[in-house]
*Asks:* 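Before I ask anything, here is the structure I am working with.
Whatever order the structure lists them in is the order used to number ligands and atoms, beginning at 1. Start at 1 with the first residue, then count along the sequence.
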Amino acid sequence: MTEQFGLFVQGRWTDPPEARRFETKNPATGETIASFVSATPEQARAAIEAAHRAFPAWKETPAPQRGEILLRAARHLRERKEEIARIVTREMGKVLAEGRGDVQESIDFVEYMAGEGRRLVGETVPSELRSKFCLTIRQPKGVVACITPWNFPTAIPNWKIAAALISGNTIVFKPASNTARCAVEVVRAYEAAGLPPGVLNLVTGSGSVVGAELIAHPKVRAVSFTGGVDTGRDVYVRGAQGLKMVHLELGGKNPVILMDDADLPLALDGVLFGAFGTSGQRCTATSRLILHEKVYEPFLEMLTKRLDSFRLGDPLDPKVDMGPVASLDQEQKILAYIAIGKQEAKLRYGGAKVTGGAFDRGHFVQPTIFETAHGTRISKEEIFGPVLSVIRVHDYAEAVRVANDVDYGLSSSIYTRDVNRAFRAMQDLEAGITYVNAPTIGAEVQLPFGGIKNTGNGGREAGSAAIEEFTELKTVFVDFSAKLQKAQIDAESAA
Ligand code: UN1
């Protein structure tokens, strides 16, 4: 029998009778994982109301105490890391080492945010008047909606949830439907940690029903969304109607610039991991290799040779290098881009769905390399799959021009041994993140994460920036002069 899950509202798992349901599937084998409720607008509203009721008491809970609950949630995740990693791998398709990485990123971030409970720092600033004290404090926004993608099905929800919780907000969490089982594990960690009822609520279902309700509802004061750029734009516009803070983390078209003085074996490992890790389904994935003409052919030969021994297969098998893509939708979208690439560029490697035997049950796409001029669709649009566009350049200036000439700006990288050029690139690359001698993936939780251009709307997740996302700044003036002092009018000039 397929395992069934309900909604988590007001601290209880409830299975509404006669609910419409959907199932998630293992993208490597087609096996059904579990069944979930496709929630109605009324059910979404009930979760918002539960979060709204829970808000005053959670806001009053001292932040260090909120932090203790987070620490317990992190401990729960740590104790069950292997089990949850396997669920991630089975439901989403990333290889087990990366499934473990997903859970580890959750643990790291929840622990980091627990410590934030003893900071949540404001400022003290001098007044222009005597006997007056000026400061800022951070306050929660209220009910926030966390709408999350499937590619990091525990880490990205935890980036949002842990930051929102430590800041004193209450939450309605709407995960991507195809990784709803992972979302259950995220919620269970906080449930096991003793989070008070109503502080975190899980509502599964479609974006067009549940997501739309969360974004439109007046009691939801902020929306944090990670996903595709078209949906993100829609979320932003709808949120704007309610004058809500909308935080967006959207796509990328992340380049690795490989200069002629680079350490090629090092870069080879980096490009392979950046382009084909998580089957290329990271916002930060290396989707463009901007390759200096002097090392162009030798590097491509190294790359394709290594891919010859790359193993595709069931991501639970530790010998496998790359698993399936996450869903039939993904497979179709990626294969459509590969077809476009075959028209406009030169296919250098791969370029097909993997079939035969067990592969027929899953969504496997070969690691694919195109040699392309800059400006083609595959060189500029986000594909979100194991497809790398290689672009030949003449020098550093051209490399940077190409790197920057896309609509996205999330991650970027340069491989060079020239320290001056490395520092130059840190300034020149138009992206929220730049790596030197490392691939475009692998951000750490204690630093801000996000990007420019169509990657977002200016906010950052993770690091201390995560707190800014989920708090309001209150400015406080304390006048202890015992008389009315007028700013701008009574302030004496020292001159
Ligand atoms: C994403 O793909 O949306 O830097 C997040 C990385 C991971 C996070 C990626 N730590 O690749």
*Asks:* Looking only at distance, does T226 have an N or O less than 3.5 Å from an N or O of ligand 1?
*Replies:* no

*Asks:* For A443, take its heavy atoms, then give the atoms of ligand 1 lying under 4.0 Å from any of them.
*Replies:*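 Selected atoms, number and element: 4 (O), 6 (C), 10 (N).
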
*Asks:* Just by distance, do the side chain of Y190 and the backbone of V199 share a donor-acceptor pair under 3.5 Å?
*Replies:* no

*Asks:* Using atom types as modelled and distance alone, determine if a side-chain donor or acceptor of D102 lies under 3.5 Å from a backbone N or O of A155.
*Replies:*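 Judged by distance alone, yes, a pair lies under 3.5 Å.
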
*Asks:* List ligand 1 atoms under 4.0 Å from I156, heavy atoms only on the residue side.
*Replies:*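 Every atom of ligand 1 under 4.0 Å from some heavy atom of I156: 3 (O).
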
*Asks:* Which of the atoms of ligand 1 are close to R282, meaning less than 4.0 Å from one of its heavy atoms?
*Replies:*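 So the atoms of ligand 1 that pass are 2 (O), 6 (C), 7 (C), 11 (O).
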
*Asks:* Is the cationic atom of K160 (NZ for Lys, CZ for Arg) positioned less than 6.0 Å from the six-membered ring centroid of F225 and within 45 degrees of its normal?
*Replies:*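 No, K160 does not lie over the aromatic ring of F225.
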
*Asks:* Among A462, C283, A285, G101, which one puts a heavy atom closest to atom 3 (O) of ligand 1?
*Replies:* C283

*Asks:* Report, in ascending order of atom number, the atoms of ligand 1 lying under 4.0 Å from any heavy atom of N151.
*Replies:* 1 (C), 2 (O), 3 (O)

*Asks:* Ignoring hydrogens and geometry, is there a side-chain-to-backbone donor-acceptor pair from K25 to S327 under 3.5 Å?
*Replies:*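 Such a contact is absent between K25 side chain and S327 backbone.
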
*Asks:* Could you tell me whether E105 and ligand 1 have an N or O pair separated by under 3.5 Å?
*Replies:* yes

*Asks:* For atom 9 (C) of ligand 1, grab the closest protein heavy atom and report residue, atom and distance to one decimal in Å.
*Replies:*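 Result: F152 CE1, 3.5 Å.
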
*Asks:* Starting at CZ of R100, measure out to CD1 of I107 and round the result to the nearest 0.5 Å.
*Replies:* 12.0 Å

*Asks:* Using the rule given for ring pair (Phe, Tyr, Trp, His ring centres under 6.0 Å), can you reason through W159 versus F470, listing the C-alpha separation, both sets of side-chain angles and the distance that settles it, and then say yes or no?
*Replies:* CA-CA 11 Å; W159 287 4; F470 288 109; over 10 Å; no

